[in-house]
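Notes to accompany the following structure.
As the structure is a prediction and not an experimental result, all values here were calculated from the model. Below, read A as the first sequence line, B as the second, and so on, with proteins coming before strands; counting in each chain starts at 1.
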Amino acid sequence: MKKSDIFVIHDDAQFNKHEFQHRNRIRVEKGWQYLTVPVYKEEISINQIRIKNHVQIGKRKWSIAHFEIIRDWYKKAPYFSTYEEELRKIYEKEYEKLVDLNMNLIRFLMKAFDIDRKIIFSSSFGFKSKRTQRIIDTVRAVGGDVYLSGPGGRNYLDTSLFKDIKLEFQDFKHPVYKQCYPGFVPNMSAIDALFNVGKMPEGE
Amino acid sequence: MNTLVTHSKPTIGVEEIKAVVDTLSNLELTVGTKVREFEKIFSEYIGINAIATSSGTSALHLALIALGISKNDEVIIPSYTCVAVAFPVLYQQAKPILADVSDDYNISVEDIKSKITDKTKAIIVPHMFGYPADLDEIKEICEETDIYLIEDCAQSIGATYNDKKVGTFGDISIFSFNATKMMTTIQGGMVCTNNLDWIQIFKDLRYHDQLRSFEDVDLRLKYSYRMSDVGAAMGIVQLKKLNNFINRRREIASIYREKLNDDKIIHPCESSEKRHVYFRYVIKTPYPSRAIIEKMREHNVICEVMHMPPLSRRALLKEFNRDAEFPKTEEIINFTVSLPIYPSLKDEEAIYIADIFNKTMKGMK
C-alpha cells in the first residue's frame with residue numbers, strides 16, 4: 001500500500017470464501033489460528049456480503065469473542081496496549097456489511113503504520129470489463145501509469161494487454177521479527193507485526 | 001427359531017479367505033503392497049486421499065495430531081456414541097466436551113452451539129448407525145467459528161448426504177473396519193483428507209521406524225498404527241462387495257419397516273437427502289429396553305442396547321462435563337433396541353425377528 005500513489009479497493013470483485021476477504025490468521029502459542037468473520041456466503045460482490053451478527057462464540061457475540069481472542073493471545077506483545085482501545089472500538093461496533101468492517105480495519109492499520117494514501121473503491125467506476133482488462137481500465141481511470149501487482153499476478157494476468165501501462169510485480173521478502181511465542185510463523189495478519197514490532201521505521 | 005440369531009456377524013466369503021491365504025503365502029505381512037492397493041481403491045471410492053491405519057481409533061488419533069489438538073484444547077463429541085471416540089482426545093490431553101444427541105441419534109446442532117468456547121478446536125461428528133448427521137448446519141458452525149470438523153464414518157461408509165458420500169464434508173474423516181463393521185479388515189481403519197500436508201503427517205507418524213537414516217532429527221512421537229497387508233487384502237475384496245452389502249442391509253431394513261407394525265414404536269429416520277446404510281436398525285419403544293431384549297432372547301434372537309454406558313455416564317469423562325445434562329441420551333439408553341442386521345441375515349430370519357418383536361410389544365404393559 002505504501003508503494004502506491006492511489007490505492008484501489010477491489011470491492012466489487014466476487015466474494016471467495018477460500019480467500020482472505022473475511023478471515024485472517026493470528027499467532028497463537030502452538031502456531032496460528034484463523035479468525036473468520038461469519039458471513040452469508042453468496043456468489044455476489046464483496047461489497048454486498050452481509051455479516052451474520054447473530055453468531056455467538058462461547059456465549060458472546062462473534063465480534064466480542066474475536067476481540068477477546070486477539071487480546072488473550074497478544075496481551076503480552078510489546079505494542080498491543082498501544083492499539084488495544086482503538087481495536088476494541090472497531091469490534092464493539094455492529095456492521096451490517098463485511099466491507100464496512102474491513103474498511104475500518106484497513107483504516108486502523110493505515111493510521112497505525114502511518115500510511116496516508118488516497119483510497120478509491122473500484123465499484124465507483126461501474127466497469128463491466130473482466131480480469132486483466134478491468135485492472136487496466138481501473139489504472140487508466142485514476143490516471144495511473146504503473147500497475148504494481150502482487151507476485152501471484154504472474155499466474156493470472158494477461159501481460160500482453162499492458163501497453164501504455166507499465167506492469168511491475170512486488171518483490172516481497174517476508175520480514176522475520178520477534179513474536180510473543182517461541183519460533184517465527186510467517187504470513188500472519190498485519191496486526192501480528194504491529195503488536196510485536198510497532199510502527200515500523202520509514203522504508204521497512 | 002432353533003438356531004440363535006446373533007446381533008451382528010461379519011460377512012466373509014471364499015474370496016476373502018483366498019485373498020488372505022494368497023497374501024500369507026507370498027509372505028506379504030507388512031510389506032505395504034496390499035495396503036497401498038487398498039488405499040488407492042478406497043481413495044477412488046470415497047473421492048479423497050486415504051491412509052490405512054491399524055484401527056478407527058488410531059485413525060482418529062492421527063487426525064487429532066494433524067490438526068494440532070493438544071493439551072487443554074476442547075473437542076466436542078456426542079454424549080451418545082462409541083467410547084472409542086473419546087480416547088484419542090484424551091491421548092492428546094485435550095478435553096472431550098459432550099453434546100447431547102437428537103432424535104436421529106446424531107449429535108445435536110443446538111447442543112454443539114451451546115458447548116463452543118474459545119478453546120474449542122474441533123468437533124467429531126459420527127454418523128450414527130449409518131445415518132448422516134446434519135452436515136450442512138455443522139459445517140456452517142465450524143466455518144463461522146474456526147473449528148475443525150472431523151467426520152467419524154466408522155458406522156457409515158457408503159452413506160450419502162445430498163448425493164455426496166459422507167467422509168468428504170469434514171476437514172478430515174475416519175473409517176473403521178473392525179470385525180462387525182460395514183466392511184472389515186479384521187481390525188483396521190482409514191484416515192482421509194484433501195490436505196496433503198496432513199496426509200504426510202499420517203504417513204510419517206503411523207510407523208515408528210519409517211525413516212531409515214543414520215540420524216533422525218524428527219522430534220515427533222511416532223506410533224505403531226499400520227494396517228497389515230493381510231487385513232488390506234481382505235479389505236480390497238470387502239470394498240468390492242460393499243455396495244451389495246449396503247443394498248442387502250437396506251432390504252432387511254425395508255422388511256423391518258414393513259413388518260414391525262406396532263404403532264408405539266419409532267423406526268430409524270429416513271429422508272430424501274440422507275441415504276441410510278443401516279449399520280444398525282435401532283428402534284424406540286415406550287418400554288424399558290432390557291425387558292424387550294430379555295423377551296427376544298427367550299426366542300433365540302439377540303438384540304442390544306448400543307453404546308452402553310454412554311459417554312455421559314463414564315467416570316473418565318465426568319470432570320470435563322460437570323453439571324451438563326443429556327436427556328436425549330438417557331432416553332435412548334433406556335428405550336431403544338437394536339435388532340440384528342447384517343448382509344448374511346436371511347429374509348425369513350428378518351421376518352421371524354419382526355414377528356417375535358411384534359408379539360413382545362403386545363405382551364408389554
Side-chain angles (χ1 to χ4, degrees), chain A residues 15-43 49-75 91 95 98 101 181-183 185-189 191-192, chain B residues 64-76 89 92-95 97 99 108-123 135-149 169-172 193-198 201 217 219-221 320-321 323-324:
Chain A
F15 175 72
N16 183 337
K17 72 171 184 175
H18 300 294
E19 292 181 356
F20 285 80
Q21 296 155 4
H22 68 314
R23 62 178 186 171
N24 215 325
R25 290 190 274 227
I26 61 164
R27 179 71 214 265
V28 299
E29 190 171 5
K30 291 174 282 188
W32 59 270
Q33 76 165 66
Y34 272 122
L35 283 180
T36 304
V37 179
V39 297
Y40 294 94
K41 297 187 186 86
E42 296 175 82
E43 290 182 1
I49 292 291
R50 290 173 302 129
I51 295 175
K52 289 181 177 176
N53 279 309
H54 62 273
V55 168
Q56 296 209 316
I57 301 173
K59 300 183 172 56
R60 297 149 300 165
K61 189 183 165 191
W62 72 268
S63 53
I64 301 302
H66 278 204
F67 173 74
E68 290 180 2
I69 292 167
I70 292 170
R71 184 190 61 196
D72 289 349
W73 287 115
Y74 284 101
K75 63 189 169 197
Y91 277 102
Y95 308 87
L98 178 67
L101 167 65
Y181 301 102
V185 181
N187 303 315
M188 297 295 104
S189 160
I191 60 168
D192 186 70
Chain B
L64 294 169
I65 293 170
L67 296 179
I69 307 298
S70 58
K71 194 171 182 179
N72 293 331
D73 287 341
E74 292 179 3
V75 178
I76 296 176
V89 178
Q92 289 303 101
Q93 296 181 285
K95 296 177 180 175
I97 305 297
S108 156
V109 173
E110 284 312 307
D111 214 25
I112 285 175
K113 286 181 189 167
S114 77
K115 298 294 165 66
I116 290 174
T117 73
D118 293 355
K119 292 183 175 169
T120 310
K121 292 291 181 298
I123 302 176
L135 284 165
D136 278 347
E137 290 90 336
I138 295 169
K139 206 169 153 63
E140 192 175 357
I141 292 170
C142 289
E143 286 178 358
E144 286 168 352
T145 51
D146 298 302
I147 294 170
Y148 290 118
L149 171 59
F169 291 83
D171 296 286
I172 299 180
T193 183
N194 266 332
N195 185 313
L196 296 180
D197 293 337
W198 295 339
I201 292 173
V217 293
L219 295 173
R220 298 172 298 177
L221 285 179
F320 309 111
N321 297 281
D323 304 325

- Message: For the backbone of A:Asn16 and the side chain of A:Gln21, can you confirm whether one donor and one acceptor N or O come within less than 3.5 Å of each other?
- Response: yes

- Message: I'd like to verify something: which residue of B:Thr145, B:Thr117, B:Asp118 has the highest number of heavy-atom pairs under 4.5 Å with chain A?
- Response: B:Asp118

- Message: So which residue, A:Gln33, A:Lys41, A:Gln56, ends up with the most heavy-atom pairs under 4.5 Å with chain B?
- Response: A:Lys41

- Message: I want to check a possible cation-pi pair here: A:Lys52 against A:Tyr40, using under 6.0 Å from ring centre and within 45° of the ring axis as the test.
- Response: yes

- Message: Under 4.0 Å between a side-chain nitrogen and a carboxylate oxygen: does that hold for A:Glu68 and A:Arg60?
- Response: yes

- What part of B:Ser70 lies closer than 4.5 angstrom to a heavy atom of chain A: side chain, backbone, both or neither? both

- Item | Over all atoms of both residues, closest heavy-atom pair of A:Tyr91 and A:His66 | CE2-CB, 3.8 Å

- Which of the residues B:Lys121, B:Glu140, B:Lys119 is involved in the greatest number of heavy-atom pairs with chain A at under 4.5 angstrom? B:Glu140

